[in-house]
Novice: 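Below you'll find the structure I mean.
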Amino acid sequence: MSARDDILARVRSATSDITTEPRLLARVASSAADEPSLGGGQTGNESGGEQGTLELFVENVADYRATVLRTREPDVAATVVSALRSAGLRSVVLPSGLDGSWCEALGEAFEVVPESEAHSPQALDVIDAVVTGCALGIAATGTIVLDHSGDQGRRELTLVPDTHLCVIRADQVVPDVPEAVARLGAAPHRGQPLTWISGPSATSDIELQRVEGVHGPRTLVVVLVGPD
Amino acid sequence: MSTPPVQETSPTFVGMPAFPKAAHEALANTQQRANLHNATHTIRAKRASVVAEVPEWEALRVAGADAKDEALHHLGDYLEQLEESLTANGAVVHWARDADEANRIVVDIARSKEVDEVVKVKSMATQEIELNEALEEAGISAWETDLAELIVQLFGDRPSHILVPAIHRNRTEIRDVFLRQMGEFGRPAPADLTDDPARLAEAARLHLREKFLRARVAVSGANFAIADTGTLVVVESEGNGRMCLTLPETLISVVGIEKVLPTWDDLAPMLQLLPRSSTGERMNPYTTMWSGVHEGDGPQEVHVILLDNGRSHVLADALGRQALRCIRCSACLNVCPVYERTGGHAYGSVYPGPIGAVLNPQLRGTASEIDQSLPYASSLCGACFDACPVRINIPELLVELRGTVAEQGGHRAESAAMKAAAWVLSDPRRLAVAQKGATTAGRLLGKRTITKVPGLGAWTDARNVPSPPTETFRQWWARERGETSGTQEEEQR
Ligand code: SF4
């Protein structure tokens with residue numbers, strides 16, 4: 001017997017006492033009668049982008065020692081440029097689908113490498129920073145989630161450079177994890193990977209003392225745009 | 001059909017002394033005890049405060065347990081669905097009955113890529129099957145990339161804690177081993193390295209970056225495998241996981257069959273329960289989710305090895321199967337008075353602490369002395385059950401396993417049990433915990449015999465036990481109970 005058939009047979013025999021139907025079958029039968037969502041903690045059930053949710057998002061992102069900057073739509077490019085400039089950074093890689101006006105402003109201030117030219121980890125390793133959008137943000141946990149759409153680029157873009165600046169619009173911030181999971185459900189079906197980021201990389205492996213920045217970007221800047 | 005075979009005890013642990021003896025040895029190591037105390041108490045306090053932020057925590061625990069139970073009760077169906085989704089997403093699915101089969105598959109893939117090294121992201125499953133040793137035998141170096149795993153590997157140690165495997169080492173020891181060993185395996189540590197944790201992390205970053213950038217094959221585990229979407233999930237902190245999961249051309253993931261979740265939506269409770277229970281954070285720094293091969297992004301060859309290795313044996317026990325819900329958060333370790341004193345090595349397995357005490361004898365059977373004694377490595381105080389995010393009733397399982405060991409009869413079972421009892425009783429502090437536990441045990445046992453519960457053991461062995469450094473019971477109690485006051489969860493106990 002193949003290992004597959006053997007394991008499946010063992011598993012089926014081990015669960016032969018179970019009499020209930022698998023949920024997946026039950027679910028198809030009763031269609032989408034959505035159960036109430038669990039979790040979210042202190043945020044209640046406000047819809048994305050409301051004031052309390054945004055405040056909590058900012059507070060929780062900052063709690064991870066990431067930098068949070070707030071701005072309005074017309075000033076995004078200027079905010080991004082000044083944040084990178086004040087950190088003394090010189091080169092930046094930009095995903096191919098990033099807002100054209102931001103790219104233009106960044107091009108005037110920095111050495112810009114388009115995604116298509118940063119084709120290897122080695123090439124990315126000599127670039128100071130990356131600027132991206134995101135799929136959504138989660139207030140209850142201070143998380144940003146990338147689905148690696150055009151304005152976020154391939155996964156390695158946001159991994160190898162030491163500074164990641166992520167722009168998020170107020171209406172992309174959801175209150176809690178269940179809401180985020182529900183909204184992101186389509187990504188795997190579209191063949192998109194997901195990266196959940198909560199602060200810069202960190203370790204507490206040495207005597208439990210927290211150190212920010214091991215392998216991922218050591219600096220994370222989140223620019224929250226709006227509400228206008 | 002006969003009962004599924006149990007897991008082979010790995011050669012590393014075959015000569016392992018039974019828990020009481022190993023525990024004696026560990027107790028003498030004061031560095032380890034101090035570090036463990038600091039670690040478990042720090043994480044406990046953090047966990048308690050982030051858990052208190054979530055008013056519906058209990059409902060979340062129930063949802064988490066339900067999701068895992070659903071997957072386990074219909075595991076055959078969900079495994080087939082997972083295989084189908086993964087294959088549709090371009091992944092190659094392999095099945096491995098035991099450690100040897102799994103190791104052989106990994107070695108064969110690595111050989112076919114003609115590499116002499118792989119990078120690894122921390123995974124309990126690959127530790128369990130001793131993949132690094134198998135790769136080494138095949139002439140392939142396996143580089144651990146988690147900072148703690150790197151430390152453990154440079155020392156030539158075994159990990160002592162699921163979450164922070166190097167807490168038995170202090171910063172000076174770590175600096176010394178970095179200076180001494182890093183150059184042997186790649187980029188050396190800077191000569192002026194200090195014992196500042198930030199400098200040590202920086203040295204690890206540089207040492208490992210060289211390996212990440214050139215690696216062609218990576219090996220990972222997975223925290224969750226979602227049947228309906230064919231998505232694997234890896235939860236981590238340092239970014240070494242992202243490096244391994246993103247940069248190499250070929251990715252091999254070894255996934256225990258109990259890691260399956262039925263649907264994407266089941267991630268909602270899990271991603272709330274795991275980080276808060278594990279590191280005491282609202283969310284861990286990085287989580288990567290991938291669904292097979294993503295064109296033009298990340299590894300273009302993706303293998304998934306579904307591993308049994310004793311799990312179907314655990315599944316066959318209607319009560320014991322709940323142990324397979326375990327999401328390896330280590331919350332139960334951090335609240336366990338026995339673990340705190342003995343450390344992880346005494347459990348004779350990669351799965352230490354309360355969950356190890358129930359999982360190992362179930363995975364491996366109760367033939368060996370260590371596995372017979374593990375169900376007694378507990379005072380049954382119940383703290384592990386309260387802390388467990390997927391509501392595994394560890395005390396109940398321990399009592400059940402004690403029954404199994406006792407029924408096996410024979411001298412060995414009995415003597416292992418009594419030695420463990422003696423160990424608990426040999427020190428007033430442990431006794432106090434055990435006395436508290438005995439009440440719980442009495443409750444749990446109902447009308448069944450309680451003679452196997454520590455509390456009636458032979459006092460005579462007590463003289464042989466080296467006492468831990470002096471501290472009065474009251475001091476210990478104050479420290480134990482006083483530090484993390486004010487949290488809901490502590491008050492419940
Ligand atoms: S048994 Fe529960 S508390 Fe212990 S590691 Fe597993 S999930 Fe965590």
Novice: Between A:Ser198, A:Gly216, A:Gly185, which shows the greatest number of heavy-atom pairs under 4.5 Å with chain B?
Specialist: A:Ser198

Novice: Shortest non-hydrogen contact from B:Tyr286 to A:Pro200?
Specialist: OH-C, 4.1 Å

Novice: Any heavy-atom pair between the side chains of A:Trp196 and B:Asn284 that's under 4.5 Å?
Specialist: no

Novice: Which pair of heavy atoms, one from A:Val214 and one from B:Ala201, lies closest together, and at what distance?
Specialist: CG1-O, 4.4 Å

Novice: As a quick check of understanding, evaluate side chain to side chain contact (heavy atoms under 4.5 Å, CB included) for A:Thr141 and B:Arg276, giving each step before the final call.
Specialist: CA-CA 10 Å; A:Thr141 58; B:Arg276 288 182 201 254; 4.1 Å; yes

Novice: Contact part of B:Leu79 toward chain A, heavy-atom cut-off under 4.5 Å: side chain, backbone, both or neither?
Specialist: side chain

Novice: Report the distance from atom CG of B:Asp98 to atom CD1 of A:Ile7, rounding to the nearest 0.5 Å.
Specialist: 8.5 Å

Novice: Measure B:Ser291 against the heavy atoms of chain A and call it side chain, backbone, both or neither at under 4.5 Å.
Specialist: side chain

Novice: In terms of heavy-atom proximity below 4.5 Å to chain B, should A:Thr195 be classed as side chain, backbone, both, or neither?
Specialist: both

Novice: Between B:Asn89 and chain A, which part of the residue has a heavy atom less than 4.5 Å away: side chain, backbone, both or neither?
Specialist: neither

Novice: A:Ser120 versus chain B, heavy atoms under 4.5 Å apart: side chain, backbone, both or neither?
Specialist: neither

Novice: Taking A:Glu156 first and then B:Arg242, would you say they form a salt bridge - that is, a charged N and a carboxylate O separated by under 4.0 Å?
Specialist: no

Novice: Measure the SG-NE2 distance between B:Cys244 and A:His215 for me, rounded to the nearest 0.5 Å.
Specialist: 8.5 Å

Novice: With a 4.5 angstrom heavy-atom cut-off, could you sort out which part of A:Leu8 is near chain B: side chain, backbone, both or neither?
Specialist: side chain

Novice: Indicate the atoms forming the closest heavy-atom contact of A:Asp63 with B:Arg282, along with that distance.
Specialist: OD2-NH1, 2.9 Å

Novice: Considering only heavy atoms and a distance below 4.5 Å, find which of B:Thr229, B:Asp317, B:Leu245 pairs most often with chain A.
Specialist: B:Thr229

Novice: Atom CD1 in A:Ile138, atom CE in B:Met283: separation rounded to 0.5 Å?
Specialist: 5.0 Å

Novice: Between B:Trp264 and A:Pro188, is any pair of side-chain heavy atoms under 4.5 Å apart?
Specialist: yes

Novice: Apply ring pair (Phe, Tyr, Trp, His ring centres under 6.0 Å) to B:His207 and list each qualifying residue two or more places apart in sequence or on a separate chain.
Specialist: none

Novice: Which atoms of A:Val145 come close to chain B, meaning under 4.5 Å heavy atom to heavy atom: side chain ones, backbone ones, both, or neither?
Specialist: neither

Novice: Assess whether salt bridge (charged side-chain N to carboxylate O under 4.0 Å, His left out) is satisfied between A:Arg154 and B:Glu295, documenting all intermediate values.
Specialist: CA-CA 10 Å; A:Arg154 305 191 311 273; B:Glu295 213 192 310; over 6 Å; no

Novice: Is the number of heavy atoms from other residues, nucleotides or ligands under 6.0 Å of A:Arg90 CZ greater than 12?
Specialist: no

Novice: For the residue pair A:Asp17 and B:Arg321, establish whether any side-chain heavy-atom pair is separated by less than 4.5 Å.
Specialist: yes

Novice: Between B:Thr231 and chain A, with a heavy-atom cut-off of 4.5 Å, which part of the residue counts as in contact: side chain, backbone, both or neither?
Specialist: side chain

Novice: Contact between A:Pro178 and B:Gln272 at the side-chain level, heavy atoms closer than 4.5 Å - yes or no?
Specialist: yes

Novice: Heavy-atom distances under 4.5 Å only: say whether A:Thr19 touches chain B with side chain, backbone, both or neither.
Specialist: neither

Novice: Once rounded to the nearest 0.5 Å, what's the spacing between atom NE2 of B:His94 and atom CZ of A:Arg4?
Specialist: 13.5 Å

Novice: Run the numbers on A:Thr20 and B:His74 for side chain to side chain contact (heavy atoms under 4.5 Å, CB included), then give the verdict.
Specialist: CA-CA 9 Å; A:Thr20 55; B:His74 306 286; 3.3 Å; yes

Novice: Out of curiosity, A:Arg155 CZ to B:Thr288 OG1, how far, rounded to the nearest 0.5 Å?
Specialist: 7.0 Å

Novice: Can you name the nearest heavy-atom pair linking A:Ala14 to B:Ser312, along with the distance?
Specialist: CB-O, 3.6 Å

Novice: Using non-hydrogen atoms and a 4.5 Å limit, figure out which bit of B:Ala96 sits close to chain A: side chain, backbone, both or neither.
Specialist: backbone

Novice: Does any heavy atom of chain A fall under 4.5 Å from the side chain of B:Thr145, the backbone, both, or neither of them?
Specialist: backbone

Novice: I need the residue from A:Arg218, A:His189, A:His148 with the largest number of non-hydrogen atom pairs under 4.5 Å to chain B.
Specialist: A:Arg218

Novice: Sort B:Glu281 into side chain, backbone, both or neither according to what part of it lies under 4.5 angstrom from a heavy atom of chain A.
Specialist: side chain

Novice: Does anything in residues 121-128 of chain A reach chain B? List residues with heavy atoms under 4.5 Å apart, or say none.
Specialist: A:Pro121, A:Gln122, A:Asp125

Novice: Closer than 4.0 angstrom, basic N to acidic O: yes or no for B:Arg205 and A:Asp162?
Specialist: yes

Novice: Could you tell me the separation between the CG atom of B:Leu72 and the CD1 atom of A:Ile18, rounded to the nearest 0.5 Å?
Specialist: 9.0 Å

Novice: Against chain A, label B:Leu306 side chain, backbone, both or neither, depending on which of its atoms sit under 4.5 Å from a heavy atom there.
Specialist: backbone

Novice: So what's closer than 4.5 Å to chain B heavy atoms on A:Pro217: side chain, backbone, both or neither?
Specialist: both

Novice: Measure the shortest side-chain to side-chain distance between B:Arg209 and A:Val160 over non-hydrogen atoms and say whether it is less than 4.5 angstrom.
Specialist: yes

Novice: Evaluate the side-chain proximity of A:Arg23 to B:Thr263: yes if any heavy-atom separation is below 4.5 Å, no if none is.
Specialist: yes

Novice: Give the minimum heavy-atom separation between A:Leu159 and B:Gly239, together with the two atoms involved.
Specialist: CD1-O, 4.2 Å

Novice: Does any non-hydrogen side-chain atom of B:Trp95 lie less than 4.5 Å from one of A:Ser2?
Specialist: no

